[in-house]
Amino acid sequence: MAEVLVYVDHVDGAVRKPTLELLTLARRLGEPVALALGAGAEATAAVLAEHGAVKVLTADAPEFADYLVVPKVDALQAAYEAVSPAAVLLPSSAEAKEIAARLAVRIGSGLLTDAVDLEAGADGPVATQSVFAAAFTTKSRVSRGTPVITVKPNSAPVEAAPAAGAVETLAVTFGEKSTGTKIVSRSPRESTGRPELTEAAIVVSGGRGVNGAENFGLIEALADSLGAAVGASRAAVDAGWYPHANQVGQTGKSVSPQLYIASGISGAIQHRAGMQTSKTIVAINKDAEAPIFDLVDYGIVGDLFEVVPKLTDEVKARKG
């Protein structure tokens, strides 16, 4: 069976959920071979093997932490040459998409980004994508070279599938350009205790209807009762009510959770482009004609200042 190379997103050995989803998809196409780089790379092996990796390639060097993406591209290219895979899969993070694009150029292959599903085809992997501001769904495949594909978080379930997970050290030779851009400082992100927005299974977002930064506490309370991430529309962010890092939309982040709750959001195309691939969408809006209701699975016409607290209380009561 053909091997499929999976780029591992981890933090000091803790594998992030999108990588485990990639392993599920990779098993549809062949036998997953994982590539883990940097500090803690070898510590990822047990989890990767538990989720289907037949082999785990690891490499650690100061270049991975001290410089921008080029050293990681060098390593991914070395893994590609060692494995000769049927496809290369990466998560659709900003960094991983840059790595994917650089690799595709180097190996002369086609690139597909932001896939929301993958299936095996007679002529290679077929990717489902949501395109043109989520107005259309397409099925695409690469017609030249080895497909390099990035996949959005929450596109596949995390499934245990124990495999050998044999660990091998990958020899990486860094090119002259790998040390061209040095990282000179880092500032740790302040933790909110909530899931990462793009990876969360549930997202609760607030928009113009929240009517002020002081009222986003209602959105946060509902999110916390559900173990969800908090999002915001562009209108709310532009007004200074919530940080830009939490913006969902065409000029913000794209999310694809199992459940998306939009509170006080009209549903302009700019916002819809960032959340339309969510599996189940619920909207709360007092305007019965709001465009968001054309998209949702469940709609509540009502004042969010009445509906959201009641919903929060109900969730707490059922969990308690």
Side-chain angles (χ1 to χ4, degrees), residues 17 133-134 152-154 157-158 189-320:
K17 180 171 170 276
K152 293 179 70 172
N154 295 309
V158 173
R189 180 189 305 171
E190 184 176 343
S191 175
T192 63
R194 301 186 182 99
E196 167 63 31
L197 180 60
T198 58
E199 301 175 12
I202 305 174
V203 174
V204 180
S205 288
R208 192 189 304 275
V210 176
N211 201 28
E214 66 278 8
N215 296 325
F216 254 86
L218 294 174
I219 306 300
E220 293 176 331
L222 177 56
D224 291 343
S225 71
L226 292 166
V230 174
S233 71
R234 178 174 176 174
V237 169
D238 286 351
W241 299 345
Y242 221 68
H244 180 268
N246 295 77
Q247 181 183 331
V248 174
Q250 197 165 19
T251 56
K253 293 180 178 178
S254 293
V255 299
S256 189
Q258 297 297 315
L259 172 63
Y260 187 88
I261 302 177
S263 301
I265 295 174
S266 65
I269 189 61
Q270 201 279 343
H271 187 76
R272 293 168 64 148
M275 46 67 73
Q276 193 159 315
T277 57
S278 302
K279 308 304 182 292
T280 301
I281 302 172
V282 177
I284 303 167
N285 200 300
K286 64 182 180 181
D287 179 6
E289 302 301 320
I292 192 73
F293 287 124
D294 295 333
L295 177 67
V296 302
D297 297 285
Y298 302 97
I300 302 173
V301 178
D303 188 339
L304 72 86
F305 293 99
E306 297 178 4
V307 175
V308 172
K310 290 181 179 179
L311 181 56
T312 303
D313 291 342
E314 182 65 22
V315 170
K316 290 180 178 179
R318 293 195 180 196
K319 291 176 71 174

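- Judged purely by atom type and a 3.5 angstrom limit, Lys279 uses its side chain to pair as donor or acceptor with the backbone of Asn154.
- Using a 4.0 Å cut-off between charged side-chain N and carboxylate O, Arg318 and Glu314 make a salt bridge.
- Looking at Asn246, its side chain never comes within 3.5 Å of a backbone N or O of Ala232 through a donor-acceptor pair.
- Side chains of Val248 and His271 form a contact here, defined as non-hydrogen atoms less than 4.5 Å apart.
- The pair Lys286-Glu306 fails the salt-bridge criterion, with no side-chain N (NZ, NE, NH1 or NH2) lying under 4.0 Å from an Asp/Glu carboxylate O.
- Counting all heavy atoms, side chain and backbone alike, Tyr260 lies closest to Ser205 at OH-OG, 2.8 Å.
- For Lys17, the NZ atom sits in a packed shell: over 12 heavy atoms of surrounding residues, nucleotides or ligands are nearer than 6.0 Å.
- When side chains are defined from C-beta on, Lys152 counts as touching Ser254, because their heavy atoms get closer than 4.5 Å.
- Looking at every heavy atom in both residues, Val210 comes nearest to Phe305 through O-CZ, 3.2 Å.
- When side chains are defined from C-beta on, Tyr242 counts as touching Val230, because their heavy atoms get closer than 4.5 Å.
- To the nearest 0.5 angstrom, His244 atom NE2 is 8.5 Å from Arg234 atom CZ.
- With hydrogens and angles ignored, the 3.5 Å screen pairs a side-chain donor or acceptor of Asn285 with a backbone N or O of Ile265.
- Two residues are said to be in side-chain contact when any heavy atoms from C-beta on lie closer than 4.5 Å; Leu226 and Ile261 meet this criterion.
- Atoms CG and CD1, from Leu259 and Ile202 in turn, are 5.5 Å apart once rounded to the nearest 0.5 Å.
- By the side-chain contact (heavy atoms from CB on, under 4.5 Å) test, Val296 is found to be paired with Ile281, Ala283, Ile292, Phe293, residues two or more places apart in sequence or in another chain being considered.
- Minimum interatomic distance between Pro257 and Val203 (heavy atoms only, all atoms of both residues): CG-CG2, 3.9 Å.
- Counting heavy atoms from C-beta outward, Leu311 and Leu222 have side chains that approach closer than 4.5 Å.
- The number of heavy-atom neighbours closer than 6.0 Å to CZ of Arg194, taken from other residues, nucleotides and ligands shown, is above 12.
- Ser256 places a side-chain N or O within 3.5 Å of a backbone atom of Thr277 that can act as its donor or acceptor partner.
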### Task
Show your working on side chain to side chain contact (heavy atoms under 4.5 Å, CB included) between Leu295 and Arg272 and close with a plain yes or no.
CA-CA 9 Å; Leu295 177 67; Arg272 293 168 64 148; 4.0 Å; yes
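- Lys316 places no side-chain N or O within 3.5 Å of a backbone atom of Ser225 that could act as its donor or acceptor partner.
- By the neighbour-count criterion of 12 heavy atoms within 6.0 Å, atom CD of Glu214 is densely surrounded, having more than that number from other residues, nucleotides or ligands.
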